[in-house]
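Notes follow the structure.
Residues: numbered from 1 along the sequence shown. Computed from a predicted model, the values in this text were never measured in an experiment. These values consider heavy atoms only, across backbone and side chains, with no hydrogens, waters or symmetry-generated copies.
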Amino acid sequence: TKTYLALVSAAPEPREGDVNVPLIRQEIGRESYMRVTAFDTKGAQGSRSRYRTLSASEEGALVELQPFTGRMHQLRVHMAHIGRPLIGD
């Protein structure tokens with residue numbers, strides 16, 4: 001079990017939950033990116049993460065993140081998907 005701490009732009013609502021959306025790897029030039037895609041997209045990989053808000057203020061929030069799958073950039077993509085990107089991303 002892996003657990004990470006991250007700073008996000010604002011506290012997620014609800015304060016804890018799961019993100020269970022498929023991701024697909026996208027190649028742009030020599031760079032690789034992951035993005036959310038539809039479940040029926042060819043090449044889509046299932047991915048699931050859990051988040052829990054530990055502390056929040058007007059400037060942002062500290063969240064605990066737990067990936068259940070190991071996709072590239074999974075936590076970053078999942079938090080951005082729910083509208084709470086990691087600070088500095």
Side-chain angles (χ1 to χ4, degrees):
T1 302
K2 293 183 179 183
T3 303
Y4 298 89
L5 297 176
L7 296 173
V8 295
S9 59
E13 289 296 331
R15 294 185 61 81
E16 60 183 78
D18 280 4
V19 181
N20 188 7
V21 294
L23 301 178
I24 192 164
R25 187 183 205 119
Q26 183 177 25
E27 306 285 332
I28 301 175
R30 295 182 350 163
E31 300 292 324
S32 293
Y33 300 92
M34 294 300 271
R35 63 179 176 86
V36 172
T37 191
F39 283 97
D40 60 352
T41 301
K42 183 179 179 182
Q45 298 178 309
S47 65
R48 179 176 167 236
S49 302
R50 178 173 291 152
Y51 67 87
R52 181 170 64 109
T53 303
L54 301 177
S55 178
S57 70
E58 291 182 16
E59 289 82 30
L62 175 67
V63 294
E64 178 183 82
L65 301 170
Q66 183 180 18
F68 290 99
T69 52
R71 309 291 177 226
M72 181 176 79
H73 302 303
Q74 172 180 321
L75 298 174
R76 290 182 163 146
V77 175
H78 280 175
M79 295 309 291
H81 177 70
I82 65 168
R84 299 300 188 254
L86 303 184
I87 291 179
D89 235 9

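- Both L23 and L86 belong to a single network of hydrophobic side chains, linked directly or stepwise wherever heavy atoms of I, L, V, M, F, W or Y lie under 4.5 Å apart.
- Separating the CD atom in E64 from the CZ atom in R50 is a distance of 10.0 Å, to the nearest 0.5 Å.
- In this structure, F68 is not a member of the same hydrophobic cluster as Y51, with clusters built from ILVMFWY side-chain heavy atoms closer than 4.5 Å.
- A donor-acceptor contact shorter than 3.5 Å links the side chain of S47 to the backbone of V21.
- Hydrophobic clustering, with ILVMFWY side chains joined whenever heavy atoms are under 4.5 angstrom apart, groups L5 together with L7.
- Closest non-hydrogen pair, A44 versus P22, comes out as CB-CB, 4.1 Å.
- Distance alone, capped at 3.5 Å, places no donor-acceptor pair between the R71 side chain and the I24 backbone.
- For the atom pair T41 OG1 and R35 CZ, the distance stands at 7.0 Å (nearest 0.5 Å).
- No side-chain donor-acceptor contact under 3.5 Å links S9 to the backbone of R84.
- Following chains of ILVMFWY side-chain contacts shorter than 4.5 Å, one can reach M72 starting from M79, so the two form part of one hydrophobic cluster.
- Checked against salt bridge (charged side-chain N to carboxylate O under 4.0 Å, His left out), R15 has no partners two or more places apart in sequence or in another chain.
- Residues V77 and M34 come closest through the heavy atom pair CG2-O, 3.5 Å.
- L75 is not connected to L62 by any chain of hydrophobic side-chain contacts under 4.5 Å among Ile, Leu, Val, Met, Phe, Trp and Tyr, and they are in different clusters.
- The two atoms that bring T69 and R48 nearest to each other are OG1-N, 3.1 Å, heavy atoms only.
- Nearest heavy atom pair, residue F39 against residue N20, reads CZ-O, 3.8 Å.
- Annotation: the span from T37 atom OG1 to R25 atom CZ amounts to 15.0 Å, rounded to 0.5 Å.
- Here the shortest heavy-atom pairing between I87 and E59 reads CD1-O, 4.5 Å.
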